[in-house]
There are 2 protein chains.
Amino acid sequence: MVGIDDVARHAGVSTATVSRALSGNGHVSPATRLKVEASAGELGYVVSSTASSLASGRMKNIGVVVPFLDRWFFSSVVEGAQKSLLKNGFDLTLFSLTGGGGERRIVFNHFLLRQRVDAVIAISLELTTTEVATLHALDKPLVGVGGPIEGVRTLTIDDVAVARLATEHLLSLGHTRIAHIGGNEDVDRDFHLPTNRRVGYELALTAAGITPAAELFRPADFTMKSGYQAAIQLLGNPRGRPSAVFAGSDEMAIGVILAARDLGLVVPRDVSVIGIDDHELADFFGLTTIAQFPQGQGEKAVEILLDRLRPGQNQLSSLNTPMPFELLVRSSTARPGE
Amino acid sequence: MVGIDDVARHAGVSTATVSRALSGNGHVSPATRLKVEASAGELGYVVSSTASSLASGRMKNIGVVVPFLDRWFFSSVVEGAQKSLLKNGFDLTLFSLTGGGGERRIVFNHFLLRQRVDAVIAISLELTTTEVATLHALDKPLVGVGGPIEGVRTLTIDDVAVARLATEHLLSLGHTRIAHIGGNEDVDRDFHLPTNRRVGYELALTAAGITPAAELFRPADFTMKSGYQAAIQLLGNPRGRPSAVFAGSDEMAIGVILAARDLGLVVPRDVSVIGIDDHELADFFGLTTIAQFPQGQGEKAVEILLDRLRPGQNQLSSLNTPMPFELLVRSSTARPGE
DNA sequence: ATGAAAGCGCTAACAT
DNA sequence: ATGTTAGCGCTTTCAT
């Protein structure tokens, strides 16, 4: 294994200079830097990350914790983070809490206590005060994505505004009987989505002079199947059937479309459907939706963390950073029939 | 930060004994071990992974490389691997090659050369001989999952057998005009699925005395949309319409079901559909499929790697380990109408 | 079964 | 701008 002193010898400088030249920390004359880089390249030298970390205290590694991995939102955020980290020479250590229970404690005692990461991204996770405090005590920056963490900077779309926009789109088309399929308690516990989406829905309705009807709300668990089942109930009722459905996620919205078809209803002629996400399947189903950009959220999270890791830049930024979203009209929404 | 000598002092032993007691390497009397463990617990001691790695050369970290993350198969394998690694005290460093091109080289020069992992799992990736050689030279065990890597132990289902079983299921129901939607060249390049599935299909047909008809094969890219489009062509033809379709993946199979519905065909009365995977959506669509178990594949990959990492256990096992699969009959297949 | 001590390969403070 | 050098905190021979 070629080490730093091999390079130093070869380039005719000290190890310290090699370290400085290669890491970019400290001043090195351009000529020397070139010489060092040439030597390093020639010898095929690569720093030992362990030795470097031991000496510097930096790991160049950030931990990403997710509840599951096999969901579009989570894996997209992770991909975004990964991409951004790679560019900055950081590794991504993944912790998937699949299985629940014990896993979570193990993860916390495993990577927090072993100091293997410089910072942490928690996706759609509600950390306990203790967990946050532990991280804080170890001086590990933490940012959340898409989940409510007490007192921690969290990146998320403004759920109220998004739901409001979706509902207003339907309203503006002339719909007045608009149903909403939102999260149930289990979802809230598992995904920690703020139930704000329902709030935005009701706000939009009220602003339009419509009183939200209890029978037009259905809880579901964010899967296509649950969206389907909720929609069957909603649309199967021949009296007072809604002319439009706002689903809290695209997967549920697709379930609604499928249910409508099975009931012999044509979308959007008989019923309009709108979702949230811009899931990879949304385009195929012609689903109108409010797009959010999970990859961008992952990238942004990394950006914030790396900023905070840079010495001096210890400014605490605002706690809540609203992320962009965008109405994407496709063919599942239209003016109500007759 | 409480270090190993704090523990040593507190327990009244040497640092070497602490190290041995806590790591399980070397002999320590039960009494001493207990004393050390108590001290460590009391002081809240946790080894510094960097110091430990620097001294021992072990990282307790394995790298997982995937082409994408937001696909059911990939994220499931990763979840399986993660779960299994966690149990063994290993971290998982994720490398997603999303974006292609430069990313790949960076990854290879980034984690191979920095010695940050003890071993590598490559998922559905065709590594170049150079890449494999580099890993080999660095003495990093490597196992592939679901992709063909020259000369490397790879875990995968027997695609020929799987396709054959799927086709035979259809045959045994009495179908004779069986179409197949398989991968196109792009898929082959991106996912490196062996095109063996088509081979198995044709084998089954031939064995049943049926000559595979060219017009009953359609290439697609493994997405729902491409499955839909292929099926529209296949099923839209009023003459010689197949009575059954075997799709190379569940997502495509679901596309087929949707296409059938749009054409006014009833599944399985007018057309039977079978896929491969047991994707999370398969159940919802009542899709008959050949289940494969990606989580299990991830777990198995870890198991093999950890085995190889254990000193002494350097036995090279057989190169090709066929993974289990299983026919799951749901409601999308039946005897052909009249 | 336990202890003493020599590194592991680099970084960063200090000196020049 | 560059060199000298003392650690970083543990693991592992080698003794005992």
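Numbered from 1 within each chain, the chains take letters A, B, ... in sequence-line order.
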query: Which part of the nucleic acid does B:Ser56 contact within heavy-atom distance under 4.0 Å: base, sugar-phosphate only, or nothing?
result: sugar-phosphate
message: For a quick check of understanding: with a heavy-atom distance under 4.0 Å over all strands, which category does B:Thr32 fall into, base, sugar-phosphate or nothing?
response: sugar-phosphate
field: Value in whole Å for how far the C1' atom of C:dG7 lies from CG of A:Asp5
entry: 13 Å
field: Integer-rounded Å distance: C:dA1 P and B:Arg33 CZ
entry: 11 Å
query: Whole Å only: how far is the CG atom of A:Leu34 from the P atom of D:dA1?
result: 15 Å
task: Using whole Å, report how far CG of B:Leu54 lies from P of D:dC8.
output: 13 Å
- request: Would you tell me if any nitrogen or oxygen in the side chain of A:Ser14 comes within less than 4.0 Å of OP1 or OP2 on D:dG3?
  value: yes
- prompt: Reckon A:Ser19 has a side-chain N or O less than 4.0 Å from the OP1 or OP2 of C:dC10?
  reply: no
Which residue lies more 5' along DNA chain C, comparing B:Val28 with A:Val46 via nearest heavy atoms: B:Val28
message: At less than 4.0 Å, is any side-chain N or O atom of A:Ser29 found next to OP1 or OP2 of D:dA1? Yes or no.
response: no
message: Rounded to whole Å, how long is the line connecting atom CZ of A:Arg20 with atom P of D:dG3?
response: 8 Å
message: Tell me whether B:Ser53 contacts the main-chain N or O of B:Ser49 through its side chain, where contact means a donor paired with an acceptor under 3.5 Å.
response: yes
message: Nearest whole Å is fine: how far is C:dG3 C1' from B:Ile4 CD1?
response: 13 Å
message: Nearest whole Å is fine: how far is D:dT2 P from A:Arg9 CZ?
response: 19 Å
message: Categorize B:Val13 for me: base, sugar-phosphate, or nothing, with a 4.0 angstrom heavy-atom threshold over every strand shown.
response: sugar-phosphate
message: Using OP1 and OP2 only, check whether a side-chain N or O of A:Thr15 sits under 4.0 Å from D:dG3.
response: no
message: Is it the case that the side chain of A:Glu126 and the backbone of A:Ile149 share a donor-acceptor pair, with hydrogens and angles ignored and the cut-off at 3.5 Å?
response: no
message: Test your reading of the model: is there a side-chain donor-acceptor pair from A:Ser52 to the backbone of A:Ser48, 3.5 Å cut-off?
response: no
- prompt: What's the NE2-P distance between B:His27 and D:dC14, to the nearest Å?
  reply: 17 Å
query: Taking the six-membered ring of A:Phe68, is the NZ or CZ of A:Arg71 close enough (under 6.0 Å from the centre) and on axis enough (within 45°)?
result: yes
message: At less than 4.0 Å, is any side-chain N or O atom of A:Ser48 found next to OP1 or OP2 of C:dC10? Yes or no.
response: no
task: Answer yes or no: does a side-chain N or O of B:Thr17 lie under 4.0 Å from OP1 or OP2 of C:dT2?
output: no
message: Heavy atoms from C-beta onward define the side chain here; which of D:dT4, D:dT12, C:dT11 lies closest to that of A:Ser52?
response: C:dT11
query: Above 12 or not: heavy atoms from other molecules or residues under 6.0 Å from NZ of A:Lys83?
result: no
